[in-house]
Amino acid sequence: MTGSLVRSGVTAVASTPWNVRLRELANKSLFGEAISLYRSMLRSGSSPDAFSFPFTLKSCASLLLPVSGKQLHCHVIRGGCEAEPFVLTSLISMYCKCGLVEDARKVFDENPQSCKLGVCYNALISGYTVNSKVYDAVYMFRKMKEFGVSVDSITMLGLVPVCTVPDYIWFGMSLHGECVKGGTDSEISVLNSFITMYMKCGSVESGRRLFDEMPVKGLITWNAVISGYAQNGLAYDVLELYEKMKSSGVCPDSVTFVSVLSSCAHLGAQKIGQEVEKLIGANGIVSNVFVSNASISMYARCGNLAKARAVFDMIPVKSLVSWTAMIGCYGMHGMGETGLKLFDDMIKSGIRPDKAVFVMVLSACSHSGLTDKGLELFGAMKREYNLEPGPEHCSCVVDLLGRAGRLDEAIEFIESMRVEPDGAVWGALLGACKIHKNVDMAELAFAKVIECEPMNIGYYVLMSNIYTDTKNQEGIWRIRRMMRDRGFRKEPGYSYVEHKGRVHLFLVGDRSHEQTEEVYRMLDDLETSVMEITGNTDNDRDEEVLNSRREHSERLAVAFGILNTSPGAEILVIKNLRVCKDCHVFIKMVSKIVDRRFVIRDASRFHYFKDGVCSCNDYW
DNA sequence: ATAGGGTTAG
């Protein structure tokens, strides 16, 4: 094939040996080899033609090689086949996948036939969508209809995912309506994308309704709802639907397992998580990096640090999320230095940090008392990595300063923030005020925090506890009145303990468990251990302290009951257990007492105690 | 038998 033939617009031939091999490699996803082959082709003097470009462009897109892609674009122009529909679409798609949507748009605009080709719109719309250019995606969709180009299911698949942005939910719903009216909704994949859209917008019920109404459900349909539940924090619903899925004969895949594992993490249900892990191995499902990351987080939150690390070490190519999960794991266990070391390793291995990993790093610092290191890293965020700190990072800084007792600096920091402080920022200040018993500043922080999150009961409880600590009866009543006016109900402080796959529920003061006697015996042993560790045994005979410990005992007894009967159990999850405020120990879960160290967790995070002092100071 | 597509982790 000569260059002149191509230039004159003669259709390319699939059967040149180069092209056949190129197609083979691209279809087998051997993109690197495809690009090498293309280069050898050039070196050998053969000219690429309209049949060679789509495969090579696709390879550049898959490997995110915009520079090679641009070179190819030049070759396309030189070969005169830019107008060839397949080439045109491949070009647009390549630029979109590489994040260069403007270049894709230029290709589209400069070729008159693209505005007649549905595939070109489809490629560009999905490109705008994945690059979160909501406005442009919708604009192209409107243009498409204006020009009378027919909208198909693939257009919808490209467009629907963009509708999760707050202002465009109405648009997404109107699209759904259009599909129902126009009959395009028979495509199962389109419905799947609508389920996801509703779930991402938080309309869990709408998503579920759509799911229930679907006559035919595929694997992805189930996954869409299950992961939707997981993303909305409905961990129990995830497990429930997972069971239903299995009993309806649909075989879960690794995508399903990711959501199930992450829900196990939130429930602290390690047993179920491990079962899932076994299942993954047994079913021969390739454990990909997604599954591994979810496993790390599951083991981390279930207290099995060693297992989490083992999974991390086994990942052949660790993603940024893998590192983030592992760093977060050390952070929640109060092993800030180890977490920071890992962060260094990550940077050294050439991975660019993002905002999420900085949240983990900063919170690891604050949980380990590494105040100045944390502040330094916060500064480096913008300076070295060009990441604009969000409120989530600012709340970590407030936490850092606050725990260190630098309350004035904390409030100064809040005033100097470039972003609007949110509930978490003021909440962190409120928490710091609790530790350092600063009622005046607490009242300020409280006023701000309930402005942001008026329905978050936790902040009312926190403020009330501050008044309790400072013996301000009038303040306590004021908070109670507020809570009553807002219709909060005081929930009973229940605890739950996962043991051998069963979840045991306890109320405060509950003596109904069949092993109550053992539970109380266990308490005595535990408390003795605590006293030894905190070093408070003999030198602390204050009447009030002793009373408070006695009161505390009862709750501990309930909470730790299972420990006695399961010496092998490493984890106990105990929710809402009140803490003895005099000895700085014991919150909601004890896993081991080793080396004068405790690991305790509540529903959302770990508390790592060393010498009786908790790394997070987040006491009730 | 070459282009556009639904579900996943921190």
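Below, chain A is the first sequence line, B the second, and so on; all start at residue 1.
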Polar atoms only, N or O, under 3.5 Å: list the protein pairs with nucleotides 1-3 of chain B and their distances.
unit_1, atom_1, unit_2, atom_2, d
B:dA3, N3, A:Thr89, OG1, 3.0

Query raised in the report: Is it true that A:Glu243 and A:Lys246 make a salt bridge, defined as a side-chain N closer than 4.0 Å to a carboxylate O?
Result: yes
Report task. Validate the cation-pi geometry between A:Lys318 and A:Phe312: distance from NZ or CZ to the six-membered ring centre under 6.0 Å, angle to the ring axis within 45°. Result -> yes
Query raised in the report: Hey, can you pull the residues of residues 312-325 of chain A with a non-hydrogen atom under 4.0 angstrom from DNA chain B?
Result: A:Ser319, A:Leu320, A:Val321, A:Thr324
Query raised in the report: Which of residues 342-356 of chain A sit near DNA chain B, with a heavy atom under 4.0 Å from it?
Result: A:Asp354, A:Ala356
Can you give each donor-acceptor pair under 3.5 Å made by side-chain atoms of residues 53-62 of chain A, sequence neighbours left out, with the distance rounded to 0.1 Å?
unit_1, atom_1, unit_2, atom_2, d
A:Thr56, OG1, A:Ser52, O, 2.8
A:Ser59, OG, A:Phe55, O, 2.8
A:Ser62, OG, A:Lys58, O, 2.9

Report task. Look at all strands and tell whether A:Ser227 reaches a base, only sugar-phosphate, or nothing, counting heavy atoms closer than 4.0 Å. Result -> sugar-phosphate
Query raised in the report: Would you say the side-chain atoms of A:His393 pair up with the backbone N or O of A:Lys355, donor to acceptor, closer than 3.5 Å?
Result: yes
Query raised in the report: What's the closest nucleotide to the A:Ala224 side chain, out of B:dG4, B:dT7, B:dT8?
Result: B:dT7
Query raised in the report: Base, sugar-phosphate alone, or nothing: which one does A:Met360 contact when heavy atoms must sit under 4.0 Å apart?
Result: sugar-phosphate
Query raised in the report: If you measure from the Lys or Arg side-chain nitrogens to the Asp or Glu carboxylate oxygens, is any gap between A:Glu102 and A:Arg105 under 4.0 Å?
Result: no
Report task. Would you tell me if any nitrogen or oxygen in the side chain of A:Gln231 comes within less than 4.0 Å of OP1 or OP2 on B:dT7? Result -> no
Report task. Would you mind checking if A:Glu24 and A:Arg21 are paired as a salt bridge, meaning a charged N to carboxylate O distance below 4.0 Å? Result -> yes
**Report entry** A:Asn122 CG - B:dG4 P separation (whole Å)
**Finding:** 10 Å
Query raised in the report: When you check the gap from the basic side-chain N to the acidic O, do A:Asp344 and A:Lys348 get nearer than 4.0 Å?
Result: no
Query - Below 4.0 Å: OP1/OP2 of B:dT8 and any side-chain N or O of A:Lys200 - result: yes
Query raised in the report: Has the side chain of A:Asp152 got a donor or acceptor atom sitting under 3.5 Å from an opposite partner on the base of B:dG4?
Result: yes
Requested in this report: Output yes when at least one side-chain N/O atom of A:Ser126 is less than 4.0 Å from OP1 or OP2 of B:dG5, else no.
Outcome: yes
Report task. Using ring-ring contact (aromatic ring centres under 6.0 Å, His included) as the criterion, list what pairs up with A:Phe108, not counting sequence neighbours. Result -> A:Tyr121
Requested in this report: Quickly work out the A:Leu191 CG to B:dG6 C1' distance and round it to whole Å.
Outcome: 10 Å
Query raised in the report: Which whole-number value in Å describes the distance from A:Asn223 CG to B:dT7 P?
Result: 10 Å
Query raised in the report: Going by distance alone, is a donor N or O of one side chain under 3.5 Å from an acceptor N or O of the other, for A:Asn192 and A:Asn223?
Result: no
Query raised in the report: Do A:Ser259 and A:Ser262 have side-chain N/O donor and acceptor atoms under 3.5 Å apart?
Result: no
Query raised in the report: Taking only residues at least two apart or on different chains, which pairs with a member in residues 199-218 of chain A satisfy ring pair (Phe, Tyr, Trp, His ring centres under 6.0 Å)?
Result: A:Phe211-A:Trp222
